[in-house]
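Below is one structure, written out as structure tokens; the observations come after it.
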Amino acid sequence: PFEIELARSKTVLTVPADSSVLDVITAAGADVLSSCRQGVCGTCEIIVLAGEPDHRDSVLDDTERAAGACMFACVSRSRSDRLVIDL
Ligand code: FES
């Protein structure tokens, strides 16, 4: 598990192993669109302000992956204990 902090509302959520970031943040009321839910369409992009995403999508190239400035919430997870996202 890891934590997601919604920067605007200062809400901290826990993402368990069996849930996606997308599921957890939308259940908390975040307004994030999604489509494929398999990391291929890019619809569910979220902006990462701090922390290191564990990218599991098929959208980003290596440079974007290394930058870690955005991630796709339907599949990607976190290498750090907490990700701070711009929501
Ligand atoms: Fe398609 Fe996340 S919903 S990449």
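Read the numbers this way: they start at 1 and go in the same order the structure lists the ligands and their atoms. Start at 1 with the first residue, then count along the sequence. The structure presented is a predicted model; accordingly, all values stated were derived computationally and were not measured.
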Open item on the list: Show the atoms of ligand 1 that are less than 4.0 angstrom away from any heavy atom in Cys36.
Closed with: 1 (Fe), 3 (S), 4 (S)

TODO: Give a yes or no answer on whether the side chain of Thr14 reaches the backbone of Glu3 with a donor-acceptor pair at less than 3.5 Å.
DONE: no

Open item on the list: Looking at Arg37, is its backbone amide N or carbonyl O close enough to the side chain of Ser34 to form a donor-acceptor pair, meaning the two atoms are under 3.5 Å apart?
Closed with: no

Open item on the list: Under 4.0 Å, heavy-atom basis, I'd like to know which part of Cys41 is in contact with ligand 1: side chain, backbone, both or neither.
Closed with: both

Task: Enumerated ligand 1 atoms positioned under 4.0 Å from heavy atoms of Gly39 - done: 4 (S)

Task: Shortest protein heavy-atom distance from atom 4 (S) of ligand 1, along with the residue and atom involved - done: Gly42 N, 3.3 Å

TODO: Enumerate the atoms of ligand 1 whose separation from the nearest heavy atom of Val40 is less than 4.0 angstrom.
DONE: 4 (S)

Open item on the list: Distance under 4.0 Å to a non-hydrogen atom of Arg37: what atoms of ligand 1 satisfy this?
Closed with: 1 (Fe), 3 (S)

Task: Part of Val75 within contact of ligand 1 (heavy atoms, under 4.0 Å) - done: neither

Open item on the list: Using a 3.5 Å distance criterion without hydrogens, assess whether the side chain of His55 forms a donor-acceptor pair with backbone atoms of Ser76.
Closed with: no

Open item on the list: Between Arg56 and Gly39 (side chain of the first, backbone of the second, donor and acceptor by atom type, cut-off under 3.5 Å), is there such a pair?
Closed with: no

Task: Close side-chain approach of Arg77 to Val15, heavy-atom, < 4.5 Å - done: yes

Open item on the list: Check whether Glu64 reaches the backbone of Asp61 with its side chain - one donor and one acceptor, N or O, closer than 3.5 Å.
Closed with: yes

Open item on the list: Any heavy-atom pair between the side chains of Leu87 and Ile25 that's under 4.5 Å?
Closed with: yes

Open item on the list: Does the residue Asp57 have a heavy-atom contact with ligand 1, meaning some pair of atoms that are separated by less than 4.0 Å?
Closed with: no

Open item on the list: Before moving on, can you tell me the angle at atom 2 (Fe) of ligand 1 between the SG atom of Cys44 and the SG atom of Cys74, to the nearest 10 degrees?
Closed with: 100°

